[in-house]
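Report on the following structure.
Side chains are part of it too, since the values below use all heavy atoms of this structure and drop only hydrogens, waters and symmetry mates. Within every chain, numbering begins at 1; the chains are lettered A, B, ... in the order of the sequence lines, protein sequences first and strands thereafter.
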There are 2 protein chains.
Amino acid sequence: MNVLEKIVNSVANFSKSERKVAEVILANPQTTIHSSIAALAKMADVSEPTVNRFCRRLDTKGFPDFKLHLAQSLANGTPYVNRHVEEEDGPEAYTAKIFESTMAALDSARHNVDINAINRAVDVLTQAKKISFFGLGASASVAHDAQNKFFRFNVPVVCFDDIVMQRMSAINSAEGDVVVCISHTGRTKNLCDIAAIARENDATVIGVTAYDSPLARECTLVLSLDVPEDTDMYMPMASRVAQLVLIDILATGFTLRRGSKFRENLKKVKDSLRGSRFEKKDSPA
Amino acid sequence: MNVLEKIVNSVANFSKSERKVAEVILANPQTTIHSSIAALAKMADVSEPTVNRFCRRLDTKGFPDFKLHLAQSLANGTPYVNRHVEEEDGPEAYTAKIFESTMAALDSARHNVDINAINRAVDVLTQAKKISFFGLGASASVAHDAQNKFFRFNVPVVCFDDIVMQRMSAINSAEGDVVVCISHTGRTKNLCDIAAIARENDATVIGVTAYDSPLARECTLVLSLDVPEDTDMYMPMASRVAQLVLIDILATGFTLRRGSKFRENLKKVKDSLRGSRFEKKDSPA
DNA sequence: AGCATATTTGTAATTAAATTACAATAAGTC
DNA sequence: GACTTATTGTAATTTAATTACAAATATGCT
């Protein structure tokens, strides 16, 4: 974990003097990495051993080691420690924070995805007779996006964001069909029902959802994205971006599995759009 | 510039012993940042001052400072190397690459967005009588997502992914209405028409599209995301994620502008979903 | 080739920095 | 209010890095 975040998170465990050190470091992290322990101690108005103890408390070997960790945190372009948008944030601040928190969420997701599950999902998808993407609310747009991607593969693909249509589609599913249910929380009752119905009708159900959720229990295969919940905003944000990236990954895996000849097909689809577009000045007539 | 690159580039200026140091560092950079000057000197089979001189030659203040620079290089240099998915990539490789390229695209977008334009867009949106989101193809899912977000604000918002509906909606727009047109390339003819029609009917048209594009020229305000084109895959990937994040930013700016009382409204919308969901075990009854 | 100069490299001394051990102070508890 | 525990600082020690200088090696010139 990012050292800066770690400082913020463990501020509760700090003593009064250690907190002073934390404040100084958070206020000028860039200066800190070029300071000696003596200089930093002076800035925070504490003694040198206090700074040293502060470093140890953050699981670093000592002050030099701490500076190393800090330098790495800063290098990743993570100036904002507190990524949560706050009341008084101006456009610059909230723009940066949202970009950063999204990137952080993706990074977290990246380290948590189960590659084997992805591989199996790609397996299943490549062999599907028909692929259905179901999502409700915020996840509906992810389902649409998935449809847009898989549609290009010239595979029978449908997408519904309407419970009734989803239900009908699920009831009509058969062996060899793949149903992908998308839900961040995995607690949407209707979608759980759909998953159950699809399974009863011998379809393979892939859940893009949280592991330990009612929806997950109804699925044949679960693709979980451990993205930290966006607690402060009352909207799904980062989690949904992670879902989209997961769809990208599945689509990519799909094309790779199908081989190079198949990819020419993709190009054809893209070229077909040309008529509906204005030509680029520099592109061939 | 990255220190590792710098070492490679200036290898010509090094003396024999310095080159030995360079080799050892390049071979195990991760070890280097946790070694003392003595340990490194021993590994390279040179004296300690030689290592120190080596550091100075790379415009660092000394060995500790050099380690700091090296740590930073390792922090951001390593992951985003080869971002393009290749034929022979396994699940692990393409998963990592897609996550990384998406993150890289977001990072690039972050540094290129025009904060002023965002601020003006938020201005316009907060004052809108009605907001319409229009997108076609891959951008349609972004438009849906935007609708889902702004709908929660209890603002009149519509979203169409159908040219005919978009056209009718655009013709019916009036002063005070805001139309947001989403298109990565900005070259989709139909959408350019829609933007023009909306403007003729006194709506404010915000374009989430490329700066120098036909669509941009039809808009009142352009929000451009300079995301490197996804050249190898014949599908829009990273660009669309960046668009979503931009929508997140606009929505966030919107809520901040509307003040805290308004945010209670958001909570109400979220709570309203509770009935349709399975309760979490640990949540209050 | 041989001498002289310049450059590179290493040894030892010095200095600076960080850590440890311990004492003093402050906070909390009965 | 005295005792215990935790926190903080002072001073000593250790460790690491740097400097100064000397030896060795290489380079150039007659």
Please collect all salt bridge (charged side-chain N to carboxylate O under 4.0 Å, His left out) contacts where either partner lies in residues 36-63 of chain B, sequence neighbours excluded, each pair once.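 As it turns out, the salt bridge (charged side-chain N to carboxylate O under 4.0 Å, His left out) pairs with a partner in residues 36-63 of chain B, which skip direct neighbours, are K6(B)-D59(B), E18(B)-R57(B).
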Check the orientation of H69(A) and H34(B). Use parallel for under 30°, tilted for 30 to 60°, and perpendicular for over 60°.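 The arrangement is tilted - the two ring planes meet at 30° to 60°.
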Atom-to-atom span, [atom1] of [X] to [atom2] of [N] - whole angstrom:
X      : N       : atom1 : atom2 : value
N52(B) : dT9(C)  : CG    : P     : 14 Å
F14(B) : dT7(C)  : CZ    : P     : 18 Å
R56(B) : dT8(C)  : CZ    : C1'   : 16 Å
D65(A) : dA18(C) : CG    : C1'   : 13 Å
F63(A) : dA17(C) : CZ    : C1'   : 10 Å

Give the minimum heavy-atom separation between F14(B) and I7(B), together with the two atoms involved.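 Smallest interatomic distance, heavy atoms only, reads CE1-O, 3.8 Å.
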What nitrogen or oxygen pairs link the protein and nucleotides 22-27 of chain C at under 3.5 Å?
residue : atom : partner : partner atom : Å
dA27(C) : OP1  : K16(A)  : NZ           : 3.4

Kindly say whether [Y] contributes a backbone atom to a donor-acceptor pair with the side chain of [X] at under 3.5 angstrom?
X       : Y       : answer
R258(B) : T126(B) : yes
S139(A) : V142(A) : no
S213(A) : R187(A) : no
K67(B)  : S35(B)  : yes

Salt-bridged, D107(B) to R110(B), with N to O below 4.0 Å?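 Salt bridge: yes.
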Summary of ring-ring contact (aromatic ring centres under 6.0 Å, His included) pairs that have at least one residue in residues 105-126 of chain B, sequence neighbours excluded: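 Of all non-adjacent pairs touching residues 105-126 of chain B, none passes ring-ring contact (aromatic ring centres under 6.0 Å, His included).
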On DNA chain D, which is the earliest and which the latest nucleotide, 5' to 3', with an atom closer than 4.0 Å to a heavy atom of chain A?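 From 5' to 3', the first and last contacting nucleotides are dT7(D) to dT10(D).
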With no hydrogens and no angle check, just 3.5 Å: does a side-chain donor-acceptor pair link D145(B) and S141(A)?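 Yes.
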Near DNA chain C, under 4.0 Å by heavy atom, which residues of residues 23-51 of chain B?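 Going residue by residue through residues 23-51 of chain B, the ones with a heavy atom under 4.0 Å of DNA chain C turn out to be V46(B), S47(B), P49(B), T50(B).
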According to side chain to side chain donor-acceptor pair (under 3.5 Å), who are the partners of D89(B), at least two apart in sequence or on a separate chain?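 Listed in chain order: K97(B).
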